[in-house]
**Q** 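What follows is a single structure, and I will ask about it in a moment.
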Amino acid sequence: MMECKDWIILVVPIICNGIIIFVFQKILSKKIERQSKRQDIRDDVLKKFWNKLQGLNDTFIQMNIAVMRDSKVVGNWLNICRDVIWDIIQYYDTNEFDLKVFAEEYNDFRNSWIDFENTCRNYADKRLNCEMQEQLGKKLQMVKEKNQVLISKVRKKY
């Protein structure tokens, strides 16, 4: 027959092990929950960034259609593109911590836009000849291509 001392020696370690396991489980579940929340925030940032890039791509498509119908509207569409791009730049700068994995592609995209804007400024008060129009077209095409590369990279990560 077991004495009280034997029961205590048997039950106390079982209870202590149960308490220790419960505490570790709580700590682990809190860490997993916190990590999950961080990942949800990053996913949300990535999704919004991707949507902004897709919006720019859609703007480029709409601009091509509109300019083919009436070439006089190109200035208005470039202003719209500029606003969309500056929104992307602002969003990236605000969320750089989560988006810095795309820094190389983003910098290429931003630099191609800055190059296009600088070329536009250089031609602002001049009558555009065919060579100037071709150069502007190539620089804008480069912005579109860099946007596509960035979209692709974000999509792979997301």
Side-chain angles (χ1 to χ4, degrees), residues 19-158:
I19 291 172
I20 291 172
I21 290 172
F22 176 77
V23 169
F24 281 140
Q25 180 186 10
K26 281 294 187 185
I27 292 171
L28 217 63
S29 66
K30 290 281 184 184
K31 285 186 178 189
I32 290 171
E33 183 180 325
R34 190 175 19 226
Q35 187 68 23
S36 177
K37 285 181 182 179
R38 279 189 207 145
Q39 191 60 44
D40 290 345
I41 290 170
R42 284 189 181 121
D43 287 347
D44 189 45
V45 167
L46 280 175
K47 186 175 180 182
K48 286 180 182 178
F49 188 59
W50 184 78
N51 284 334
K52 288 178 181 292
L53 295 171
Q54 281 296 117
L56 176 60
N57 194 50
D58 293 343
T59 302
F60 282 138
I61 291 169
Q62 293 169 0
M63 180 176 84
N64 285 340
I65 293 169
V67 170
M68 287 185 359
R69 290 184 184 153
D70 182 10
S71 62
K72 295 174 184 173
V73 298
V74 73
N76 294 336
W77 278 100
L78 287 176
N79 288 334
I80 292 169
C81 286
R82 183 195 67 225
D83 293 343
V84 173
I85 288 173
W86 283 111
D87 183 46
I88 290 169
I89 290 171
Q90 181 182 11
Y91 189 80
Y92 182 89
D93 290 346
T94 303
N95 297 286
E96 187 174 3
F97 178 78
D98 293 318
L99 298 173
K100 66 182 164 187
V101 294
F102 310 113
E104 182 180 338
E105 293 81 6
Y106 168 77
N107 288 331
D108 288 345
F109 164 74
R110 192 187 76 225
N111 290 338
S112 67
W113 174 252
I114 290 170
D115 187 36
F116 174 76
E117 277 192 321
N118 289 337
T119 304
C120 283
R121 281 190 204 102
N122 290 339
Y123 295 158
D125 296 330
K126 300 175 183 173
R127 183 173 172 90
L128 296 180
N129 60 32
C130 289
E131 185 180 320
M132 293 173 171
Q133 289 176 2
E134 186 176 319
Q135 186 179 18
L136 281 171
K138 284 180 182 178
K139 295 203 183 271
L140 185 58
Q141 184 61 36
M142 184 60 70
V143 173
K144 292 177 187 180
E145 290 171 8
K146 297 296 181 179
N147 184 51
Q148 288 295 325
V149 169
L150 191 52
I151 287 172
S152 175
K153 184 77 172 187
V154 173
R155 186 173 191 155
K156 284 179 187 175
K157 187 72 175 175
Y158 180 64

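All values reported here derive from a predicted model rather than from experimental measurement.
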**Q** List in chain and number order the residues that pass side-chain hydrogen bond (donor to acceptor under 3.5 Å, both in side chains) with K139, two or more places apart in sequence or in another chain; answer none if no residue qualifies.
**A**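 In terms of side-chain hydrogen bond (donor to acceptor under 3.5 Å, both in side chains), with neighbours along the sequence ignored, K139 is linked to D115.
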**Q** Quick one: sort the Y91 and F49 rings into parallel, tilted or perpendicular, breaks at 30° and 60°.
**A**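 The rings of Y91 and F49 lie parallel, inter-plane angle below 30°.
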**Q** Just so I know, are the side chains of L99 and V45 near enough to count as touching, which here means a heavy-atom distance under 4.5 Å?
**A** yes
**Q** So do M142 and K138 actually touch side chain to side chain, heavy atoms under 4.5 Å?
**A**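 Side chain of K138 against side chain of M142, heavy atoms only: no contact under 4.5 Å found.
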**Q** Determine, for F60 and K144, whether the Lys NZ or Arg CZ falls below 6.0 Å from the six-membered ring centre while staying within 45 degrees of the axis.
**A** yes
**Q** Nearest 0.5 angstrom please: N95 CG to L46 CG, how far?
**A** 9.5 Å
**Q** For the residue pair Y92 and A103, what are the closest heavy atoms and their distance?
**A** OH-CA, 3.4 Å
**Q** So with a 6.0 Å cut-off around CZ of R82, is the heavy-atom count from everything else above 12?
**A**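 Yes, the 6.0 Å shell around CZ holds more than 12 heavy atoms from other groups.
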**Q** Can you name the side-chain hydrogen bond (donor to acceptor under 3.5 Å, both in side chains) partners of N57, sequence neighbours left out?
**A**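 Scan of N57 (side-chain hydrogen bond (donor to acceptor under 3.5 Å, both in side chains), adjacent residues dropped) gives Q148.
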**Q** Do N129 and Q133 get their side chains close enough for a donor-acceptor pair, meaning under 3.5 Å?
**A** no
**Q** Can you sort out the partners of F109 under ring pair (Phe, Tyr, Trp, His ring centres under 6.0 Å), two or more places apart, ordered by chain and number?
**A** none
**Q** Are the side chain of N147 and the backbone of V143 linked by a donor-acceptor contact shorter than 3.5 Å?
**A**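 The answer is no, because no donor-acceptor pair under 3.5 Å joins these two groups.
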**Q** Rounded to the nearest 0.5 Å, what's the gap from SG on C120 to CE on M132? Could you check?
**A**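 It comes to 12.0 Å.
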**Q** Which heavy atom of I89 sits nearest to which heavy atom of R110, and what is that distance?
**A** CD1-CG, 3.8 Å
**Q** Pairing donors with acceptors under 3.5 angstrom, does anything connect the side chains of Q90 and W86?
**A**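 Per modelled atom types, Q90 and W86 side chains form no pair under 3.5 Å.
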**Q** State which residue, out of D58, I80, L78, N76, fulfils the side chain to side chain contact (heavy atoms under 4.5 Å, CB included) condition with M63.
**A**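 So the option named by the test is L78.
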**Q** What distance do L53 atom CG and I151 atom CD1 have between them, rounded to the nearest 0.5 Å?
**A** 5.5 Å
**Q** Which value, rounded to the nearest 0.5 Å, describes the distance between I88 atom CD1 and W113 atom CH2?
**A** 10.0 Å
**Q** If every non-hydrogen atom of C81 is compared with every non-hydrogen atom of L56, which pair is closest and at what distance?
**A** O-CD1, 4.3 Å
**Q** Given side chain to side chain contact (heavy atoms under 4.5 Å, CB included), test E134 with C130 step by step and report yes or no.
**A** CA-CA 6 Å; E134 186 176 319; C130 289; over 6 Å; no
**Q** In Å, rounded to the nearest 0.5 Å, how long is the span from OG of S36 to NZ of K31?
**A** 15.5 Å
**Q** Among K48, R42, K47, exactly one meets salt bridge (charged side-chain N to carboxylate O under 4.0 Å, His left out) together with D98. Which residue is that?
**A** R42
**Q** For the CZ atom of R38 and the CG atom of D43, what is their distance to the nearest 0.5 Å?
**A**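 Answer rounded to 0.5 Å: 14.0 Å.
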**Q** Within a radius of less than 6.0 Å around CD of E104, do more than 12 heavy atoms belonging to other residues, nucleotides or ligands occur?
**A**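 Counting neighbours around CD of E104, 12 or fewer heavy atoms of other residues, nucleotides or ligands fall under 6.0 Å, so no.
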**Q** For N64 and W77, run side chain to side chain contact (heavy atoms under 4.5 Å, CB included): C-alpha distance rounded to whole Å, both residues' side-chain angles, the deciding distance at 0.1 Å, then the answer.
**A** CA-CA 9 Å; N64 285 340; W77 278 100; over 6 Å; no
**Q** Would you indicate whether the side-chain heavy atoms of Q35 and I32 approach each other to under 4.5 Å?
**A** no
**Q** Mind checking whether R155 and W50 have side chains closer than 4.5 Å, heavy atoms only?
**A** yes
**Q** Within the distance-only criterion (no hydrogens, no angle test), does the side chain of N118 pair as donor or acceptor with the backbone N or O of I114 below 3.5 angstrom?
**A**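 Yes; at least one donor-acceptor contact below 3.5 Å.
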**Q** Can you find a pair of side-chain heavy atoms, one from D93 and one from Y106, that are under 4.5 Å apart?
**A** yes
